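Report on the structure given below.
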Protein chains: 2
Amino acid sequence: MTSSGLRSGELADAAGVNQQTLRYYERRGLLASPQRSPGGHRIYPAETVTLLRIIKTAQRLGFTLNEVADLLDAGRHRHGRRPDSGLQARARDKLAEIEQKLTDLTVIRDTLRAAISAGCDDLVSCADSPCCPLPFAELAQRNDNAGH
Amino acid sequence: MTSSGLRSGELADAAGVNQQTLRYYERRGLLASPQRSPGGHRIYPAETVTLLRIIKTAQRLGFTLNEVADLLDAGRHRHGRRPDSGLQARARDKLAEIEQKLTDLTVIRDTLRAAISAGCDDLVSCADSPCCPLPFAELAQRNDNAGH
DNA sequence: TTGCATCCGGTACCTGGGTACAGGCTTACC
DNA sequence: GGTAAGCCTGTACCCAGGTACCGGATGCAA
């Protein structure tokens, strides 16, 4: 390994994350428990910076921390692989998920545009106006999309 | 008003929400405190079903419960209106928000597609392969979009 | 009047991704 | 060896939008 190692504050700075986040990731199984100094302080190998960058990248692609942990695990013992465990397969699933969200958000966008150009200015009056474009009648009922 | 009124279970069924949710909305200021029976049971006017439908519709359009509460309030005392308080203005802001999310998700989608067609199958090996399309180098750092 | 369904308030818990704080130890530098 | 910066553990809290459980009180029909 490269020279000595990083202390938690140094690693946090280098990777641009909070120091508490490091311990949080350790609890969540994303980071292995690092070596300790005689007094109990964590000493991380330098590659951990890369690992954190990997984690952040996967997060940005829409994977949850659990999924990232799985993905890292799957990469670690890639002998005797089940065919569903690689990044390829997971990326395909995630892509489908993202595409679904895009579809949902597009419907929402179009509805908002319709409401704007119809001049809607009050929800309650809209609700009993028959010409309002807002979908008060139930709609597909999948929520997961919009409200962040 | 139409006849007698609804009890909380009836309203919940009629509107397709959980009974606890009604009390939750009452605490959050989305539903006014209804009349009570002599024994303290809530009695809702029949229009509350419509109101709940309105709330759900606004939620589906991406408004948070706080925003929905504001929107309903703004509609209620629409005398002496500030010009930013109508549905029009809020819908325009929300539309911009949704469009930003669409843009972000589109970037994510394209990145996933690139990773899939480049055949990436392991994050850790990708991270030090120079030809991997995954953006390990920092990227725009706005997260709010993907992770649901 | 009895019995059961329903409702009450209060509080705790859930997901997901962290962040903050308190009180005490370790490390580094002079 | 003193002092300050940094680190330790444990616990609690934050956002949003609910959901679940509890013991006790009510409502309604037979």
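Not measured: the values here are computed from a predicted model. To find a chain, count down the sequence lines: A is the first, B the second, and so on, and within it residues start at 1. Only this structure's heavy atoms are used, side chains among them; waters, hydrogens and symmetry mates stay out.
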**Message:** If the condition is salt bridge (Lys or Arg N to Asp or Glu O under 4.0 Å), which residues does B/Asp70 pass it with, not counting sequence neighbours?
**Reply:** B/Arg90
Which side-chain N or O atoms in residues 91-98 of chain B pair as donor and acceptor under 3.5 Å with protein atoms at least two apart or in another chain?
{"unit_1": "B/Arg92", "atom_1": "NH2", "unit_2": "B/Gln88", "atom_2": "OE1", "d": "3.3"}
{"unit_1": "B/Lys94", "atom_1": "NZ", "unit_2": "B/Gly62", "atom_2": "O", "d": "3.2"}
{"unit_1": "B/Lys94", "atom_1": "NZ", "unit_2": "B/Glu67", "atom_2": "OE1", "d": "2.9"}
{"unit_1": "B/Lys94", "atom_1": "NZ", "unit_2": "B/Glu67", "atom_2": "OE2", "d": "3.3"}
{"unit_1": "B/Lys94", "atom_1": "NZ", "unit_2": "B/Glu97", "atom_2": "OE1", "d": "2.9"}
{"unit_1": "B/Lys94", "atom_1": "NZ", "unit_2": "B/Glu97", "atom_2": "OE2", "d": "3.4"}

**Request:** Report yes if a side-chain nitrogen or oxygen of B/Tyr24 is closer than 4.0 Å to either non-bridging phosphate oxygen (OP1 or OP2) of D/dA16; otherwise report no.
**Result:** no
**Prompt:** What nucleotide among D/dG17, C/dC8, D/dC8 has an atom nearest to a side-chain atom of A/Arg42?
**Reply:** D/dC8
**Asked** With A/Arg23, which residues qualify under salt bridge (Lys or Arg N to Asp or Glu O under 4.0 Å), at least two apart?
**Response** none
**Message:** Nearest whole Å is fine: how far is D/dA16 P from B/Phe63 CZ?
**Reply:** 16 Å
**Prompt:** Hey, is the side chain of A/Thr21 poking within less than 4.0 Å of OP1 or OP2 on C/dG17, counting only N and O atoms?
**Reply:** no
**Asked** Quick one: is D/dG18 close enough that its OP1 or OP2 comes under 4.0 Å of any side-chain N or O from B/Gln59?
**Response** yes
**Item:** B/Ser8 side-chain N/O to C/dT6 phosphate OP1/OP2 under 4.0 Å
**Value:** no
**Prompt:** Nucleotide by nucleotide, 5' to 3', does protein get under 4.0 Å of the base (B), only the sugar-phosphate (S), or neither (-) in nucleotides 20-30 of chain C, counting heavy atoms?
**Reply:** BB----SS---
**Request:** Grab the CZ-P distance between B/Arg27 and D/dT19 for me, whole Å please.
**Result:** 12 Å
**Asked** Looking only at heavy atoms, what is the nearest atom pair of B/Thr57 and A/Pro135, with distance?
**Response** OG1-O, 3.6 Å
**Message:** If I take atom CG in residue A/Leu31 and atom P in nucleotide C/dG18, what distance separates them, rounded to the nearest angstrom?
**Reply:** 12 Å
**Message:** Would you say A/Lys56 places a side-chain N or O within less than 4.0 Å of OP1 or OP2 belonging to C/dG18?
**Reply:** yes
**Fill in**
Sorted by chain and residue number, the side-chain hydrogen bond (donor to acceptor under 3.5 Å, both in side chains) partners of B/Gln20 (sequence neighbours excluded) come out as none
**Request:** Return each pair, listed once, that meets salt bridge (charged side-chain N to carboxylate O under 4.0 Å, His left out) where at least one residue sits in residues 26-44 of chain B; pairs must be two or more places apart or across chains.
**Result:** B/Glu26-B/Arg42
**Prompt:** Within the pair B/Gln19 and C/dT6, is there a side-chain N or O less than 4.0 Å away from OP1 or OP2?
**Reply:** no
**Message:** Please report the interatomic distance OH(A/Tyr44) to CG(A/Leu52), rounded to the nearest 0.5 Å.
**Reply:** 8.5 Å
**Request:** Write down the distance between CG (B/Leu52) and P (D/dG18), rounded to a whole number of angstrom.
**Result:** 11 Å
**Request:** Would you kindly give the CG-to-C1' distance between B/Leu65 and D/dG18, to the nearest whole Å?
**Result:** 9 Å
